[in-house]
Amino acid sequence: MRFLLFPFAILYGIAVRLRHFLYDRGWLYSKQYPFPTLCVGNLAVGGTGKTPMVEYLVRLWGEEQVAILSRGYRRKTKGFVLADALSTALTLGDEPFQYHRKFPKATVAVCESRQEGIERLLQNPHFRVILLDDAFQHRKVQAGLNLLLTSYDKLYTKDFLLPVGSLRDIRSRARKAQIILVTKCPELSEEAQQKIIQQLHPLPHQQVFFTRIAYATKVCRDGDSLPLEDFLSAPFTLVTGIAKPTPLVTFLQSKGAHFTHLSYGDHHHFSTKEIAFLSQQGRLLTTEKDYVRLGFALPQLYYLPIETQFLNEKDKEMFDKIVLSFEL
């Protein structure tokens, strides 16, 4: 199958390289803003941990200091939308709505055009930095600091362009990043980390850091929480609509949990029929991203929060210092 798809990947690569050529020559316009903008993105499609990294940055800067701008993938609205008390996952998209619920003092907005979104936000800049969520491939805006995420189990240096692999952009675009984050890592020795760094071939101006996904010790739902161990003591149904549920499944299995896994596509919009089916499944567990789309309809549904952690404290301190000290 990969062999049959290879010609399509070549054509896709030609189109992507042509687009970059036009921007590099100045025939397509790219804009830089006199305001701190930080981009969190990747070269692949989904599953590298962008959402917990954005949340880490919000906590690092402080909610009131941050504006988050996303495209709002699969939302039911168009154009620029600023999150408010009436916002839902349908008006913002699941990830931006998750940010809005979790960080009510942060400014959260969605817009297909990153330029328009930034310009609308800068009409009332009561924050210190704009976080561009999933905007690494968007050449119309030049961010002041670019964070490139790549998953430990599928480094971009070992991946290939769509549809053969999962890369939506060419590997050479990694040079745009000032920081490369290897995400979803297991415990790695210093020697193992150095081998990965050698595979990534970072440029002199690039810093490489290693992070893991840390699971909370409690499962949550609106107005309630339970110790994770208590929840896992009885069978349940796991519901996921994310790109890569395998790490969560592996984690729950390592805890000795007994569950049935119902896996849906990334950003899946659950139909009335599907929700009715899930309501009959008894105890339910999901991800926080899925909960913002399902929690209102399934009172027996809990989610397991996650967050980004660095593999060692020294790297965390260095990363924090770089991010907090950048200006434009």
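Count residues from 1 along the sequence.
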- prompt: Is there a donor-acceptor pair closer than 3.5 Å between any side-chain N or O of R171 and the backbone N or O of D159?
  reply: yes

- prompt: Applying the 4.5 Å side-chain criterion to the ILVMFWY set and letting contacts propagate, would L278 and V249 be lumped into a single cluster?
  reply: no

Pair K218-L226, side chain to side chain contact (heavy atoms under 4.5 Å, CB included): steps then yes or no: CA-CA 5 Å; K218 292 183 178 182; L226 287 174; over 6 Å; no

task: Could you check N42 against F136 for side chain to side chain contact (heavy atoms under 4.5 Å, CB included), going step by step and ending with a plain yes or no?
output: CA-CA 6 Å; N42 56 12; F136 193 79; 6.0 Å; no

- prompt: Mind checking whether D134 and V40 have side chains closer than 4.5 Å, heavy atoms only?
  reply: no

message: Counting neighbours of CZ on R71 that are heavy atoms of other residues, nucleotides or ligands and sit closer than 6.0 Å, is the number greater than 12?
response: no

message: I'd like to check L148 versus L43 (side-chain heavy atoms, cut-off strictly below 4.5 Å). Are they in contact?
response: yes

statement: Distance col, row I170:CD1 vs Q137:CD, nearest 0.5 angstrom, shows 12.5 Å

message: Using the rule given for side chain to side chain contact (heavy atoms under 4.5 Å, CB included), can you reason through I322 versus Q207, listing the C-alpha separation, both sets of side-chain angles and the distance that settles it, and then say yes or no?
response: CA-CA 10 Å; I322 294 171; Q207 295 277 352; 4.0 Å; yes

message: Is any side-chain heavy atom of I130 closer than 4.5 Å to one of L122?
response: yes

- prompt: With a cut-off of 6.0 Å (strictly less than), are more than 12 heavy atoms of other residues, nucleotides or ligands near CZ of R175?
  reply: no

- prompt: Is the shortest heavy-atom distance from the side chain of Y264 to the side chain of E274 under 4.5 Å?
  reply: yes

message: With rounding to the nearest 0.5 angstrom, report the CD1 to CG distance, I10 to L161.
response: 8.0 Å

message: Side chains of Q281 and Q300: any donor to acceptor distance under 3.5 Å?
response: no

- line: When E191, E190, Q198 are each screened for side-chain hydrogen bond (donor to acceptor under 3.5 Å, both in side chains) with Q194, the one that passes is E190

- line: Minimal heavy-atom distance between E119 and K31, with the atoms involved, is OE2-NZ, 3.2 Å

field: side chain to side chain contact (heavy atoms under 4.5 Å, CB included) partners for A234, two or more places apart
entry: R283

- request: Return each pair, listed once, that meets ring pair (Phe, Tyr, Trp, His ring centres under 6.0 Å) where at least one residue sits in residues 295-317; pairs must be two or more places apart or across chains.
  value: Y56-F310, F231-Y302, Y291-Y303, F310-F319

task: Report whether V219 and L262 are members of the same hydrophobic cluster (ILVMFWY, side-chain heavy atoms less than 4.5 Å apart, transitive linking).
output: no

query: Is there a donor in the side chain of D133 and an acceptor in the side chain of Y99, or the other way round, less than 3.5 Å apart?
result: yes

Main-chain N/O of G62 paired with Q65 side-chain donor or acceptor, under 3.5 Å: no

query: So, does T183 use its side chain to make a donor-acceptor pair with the main chain of T48 at under 3.5 Å?
result: yes

message: For a 4.5 angstrom cut-off between non-hydrogen side-chain atoms, does K76 reach T91?
response: no

- prompt: Which value, rounded to the nearest 0.5 Å, describes the distance between L181 atom CG and L149 atom CG?
  reply: 5.0 Å

- prompt: For F6, does the CZ atom have more than 12 heavy-atom neighbours from other residues, nucleotides or ligands under 6.0 Å away?
  reply: no

field: Under-4.0 Å salt bridge between D24 and R139
entry: yes

task: Check for a donor-acceptor pair, side chain of H269 on one end and backbone N or O of R74 on the other, with a separation under 3.5 Å.
output: yes

query: What's the spacing between S279 OG and L294 CG if we round to 0.5 Å?
result: 11.0 Å

- request: Indicate, with yes or no, if Y73 and V45 share a hydrophobic cluster defined by side-chain heavy-atom contacts under 4.5 Å among Ile, Leu, Val, Met, Phe, Trp and Tyr.
  value: no

message: Who clusters with Y23? Use side-chain heavy atoms, under 4.5 angstrom, across I, L, V, M, F, W and Y, and order the result by chain and number.
response: L18, F21, L22, W27, L28

message: Would a single hydrophobic cluster contain both L132 and F97, if residues Ile, Leu, Val, Met, Phe, Trp and Tyr are joined by side-chain heavy-atom contacts under 4.5 Å?
response: no

- prompt: Backbone N or O of R168 within a donor-acceptor pair of the Y12 side chain at under 3.5 Å?
  reply: yes

query: Charged N to carboxylate O under 4.0 angstrom, R128 versus E64?
result: no

- request: Quick one: closest heavy-atom pair of Q98 and E288, and the distance?
  value: OE1-C, 3.5 Å

field: Pair D169, H20: side-chain N/O donor-acceptor within cut-off below 3.5 Å
entry: yes

- prompt: Same hydrophobic cluster for L228 and L238, using side-chain heavy-atom links shorter than 4.5 Å among ILVMFWY?
  reply: yes

message: Which heavy atom of F127 sits nearest to which heavy atom of L121, and what is that distance?
response: CZ-O, 3.6 Å

- request: For atom NZ of K140, decide whether the heavy atoms of other residues, nucleotides or ligands shown that lie under 6.0 angstrom number more than 12.
  value: no

message: I need the minimum non-hydrogen distance between D290 and V239, along with the two atoms involved.
response: OD2-O, 4.0 Å

- prompt: Going by an N to O cut-off under 4.0 Å, is there a salt bridge joining K158 and D153?
  reply: no

task: Look only at the side chain of H126 and the backbone of N124, and say whether a donor-acceptor pair between them is shorter than 3.5 Å.
output: yes

- request: Heavy atoms only: give me the nearest E112-T77 pair and the separation to one decimal.
  value: OE2-O, 4.2 Å

E95 side-chain N/O to G72 backbone N/O, donor-acceptor pair under 3.5 Å: no

- prompt: Can you check whether K321's main-chain N or O pairs, donor with acceptor, with S325's side chain at less than 3.5 Å?
  reply: yes

Between OG1 on residue T51 and CD1 on residue I242, distance to nearest 0.5 Å: 10.0 Å

- prompt: Under 3.5 Å, side chain of Q142 to main-chain N/O of Q32, donor-acceptor pair present?
  reply: no

query: So, do L188 and L311 sit near enough that their side-chain heavy atoms are less than 4.5 Å apart?
result: yes

message: Check this for me, if you would: do R212 and E187 make a salt bridge, where the nitrogen-to-carboxylate-oxygen distance has to be below 4.0 angstrom?
response: yes

- prompt: Tell me, do V323 and L38 make a side-chain contact under 4.5 Å, heavy atoms counted?
  reply: yes

statement: Value for OG (S166) from CZ (F160), rounded to nearest 0.5 Å, stands at 11.5 Å

field: Test: R293 and D266 ion pair at under 4.0 Å
entry: no

message: Using 30° and 60° as the class boundaries, would you call the ring planes of F259 and H261 parallel, tilted or perpendicular?
response: perpendicular

task: Write down the atom of L298, the atom of I275, and the distance for their closest heavy-atom approach.
output: CD2-O, 3.7 Å

- prompt: So F210 and I196, side chain to side chain contact (heavy atoms under 4.5 Å, CB included) or not? Walk me through it.
  reply: CA-CA 10 Å; F210 295 84; I196 293 173; 3.8 Å; yes

query: Can you tell which of T287, L248, T286 makes a side chain to side chain contact (heavy atoms under 4.5 Å, CB included) with L304?
result: L248

message: Is it true that, when you exclude K176 itself, more than 12 heavy atoms of the residues, nucleotides or ligands shown sit nearer than 6.0 Å to its NZ?
response: yes

task: For the pair H100 (side chain) and D84 (backbone), establish whether a donor and an acceptor sit closer than 3.5 Å, ignoring hydrogens and angles.
output: yes

message: Do L69 and I118 make a side-chain contact, defined as non-hydrogen atoms from C-beta onward lying under 4.5 Å apart?
response: yes

